[in-house]
Amino acid sequence: MPRTLVVAAERDGATPYAGALELQRRLGAGASLVTERGAGSHGAVGGRNGCVDRHVERYLLTGATPGWRVTCAPHPEPAPVSLDDRAASAHGALLPPVV
């Protein structure tokens, strides 16, 4: 039977972390859990966290799992953007001026 890889973020509101732990328990010894510590967003795979992505890519390419339970640091938070009119009209601003 192929091994199973479960990926979860500790603070994901859409799929609570307790559910990932229970899923791994029910799947048994063949299940590996990769946890993004302290992260609160849904969809932990796909470019925001290199550690998580490396484990998933390795699994998809080779079928190898990283171990029973592995943790990764949380992905970096995005830099805040000011919605202040002065910041938006500044040279090189990321946002268009407010109309």
Side-chain angles (χ1 to χ4, degrees):
M1 174 166 75
R3 296 183 56 82
T4 304
L5 183 66
V6 178
V7 179
E10 284 182 329
R11 294 179 19 239
D12 180 351
T15 54
Y17 187 64
L21 295 172
E22 178 62 16
L23 176 62
Q24 184 191 32
R25 185 190 71 75
R26 289 182 184 200
L27 291 172
S32 179
L33 174 62
V34 175
T35 299
E36 187 178 19
R37 289 187 320 267
S41 60
H42 186 69
V45 179
R48 293 183 307 172
N49 190 312
C51 174
V52 172
D53 287 347
R54 280 188 298 279
H55 290 300
V56 172
E57 289 166 4
R58 181 173 172 239
Y59 175 74
L60 292 174
L61 293 171
T62 69
T65 56
W68 187 61
R69 287 195 180 155
V70 176
T71 60
C72 293
H75 65 275
E77 294 293 324
V81 175
S82 174
L83 298 179
D84 183 297
D85 288 337
R86 291 167 294 180
S89 63
H91 177 54
L94 297 173
L95 298 174
V98 177
V99 179

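Predicted model, so just to flag it, every value in this text is computed and none were measured.
- With sequence neighbours excluded, the residues forming a salt bridge (charged side-chain N to carboxylate O under 4.0 Å, His left out) with Glu22 are Arg25, Arg26, listed by chain and number.
- Here the closest heavy-atom approach between residue Ala8 and residue Tyr17 is recorded as CB-CD1, 3.9 Å.
- Under the 4.5 Å side-chain contact rule for hydrophobic residues, Leu21 and Val6 share a cluster.
- Taking Ala31 as the reference, Thr4, Gln24, Leu27 meet the side-chain contact (heavy atoms from CB on, under 4.5 Å) condition, with sequence neighbours excluded.
- Counting only heavy atoms from C-beta outward, the side chains of Val56 and Val34 never approach each other to under 4.5 Å.
- Side-chain contact check for Cys72 versus His55: some heavy-atom pair is nearer than 4.5 Å.
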Between side-chain atoms of residues 44-51 and protein atoms elsewhere (two or more places apart, or another chain), which donor-acceptor pairs fall under 3.5 Å?
{"residue": "Arg48", "atom": "NH1", "partner": "Ser41", "partner atom": "OG", "Å": "3.2"}
{"residue": "Arg48", "atom": "NH2", "partner": "Ser41", "partner atom": "OG", "Å": "2.9"}
{"residue": "Arg48", "atom": "NH2", "partner": "Gly43", "partner atom": "O", "Å": "2.7"}
{"residue": "Asn49", "atom": "OD1", "partner": "Cys51", "partner atom": "N", "Å": "3.0"}
{"residue": "Asn49", "atom": "OD1", "partner": "Val52", "partner atom": "N", "Å": "3.1"}
{"residue": "Asn49", "atom": "ND2", "partner": "Glu36", "partner atom": "OE2", "Å": "2.9"}
{"residue": "Asn49", "atom": "ND2", "partner": "Ala73", "partner atom": "O", "Å": "2.7"}

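- Distance OG1/Thr65 to CG/Leu33: 11.0 Å, rounded to 0.5 Å.
- Scanning both residues, Pro74 and Gly38, for their nearest heavy atoms gives CB-C, 4.3 Å.
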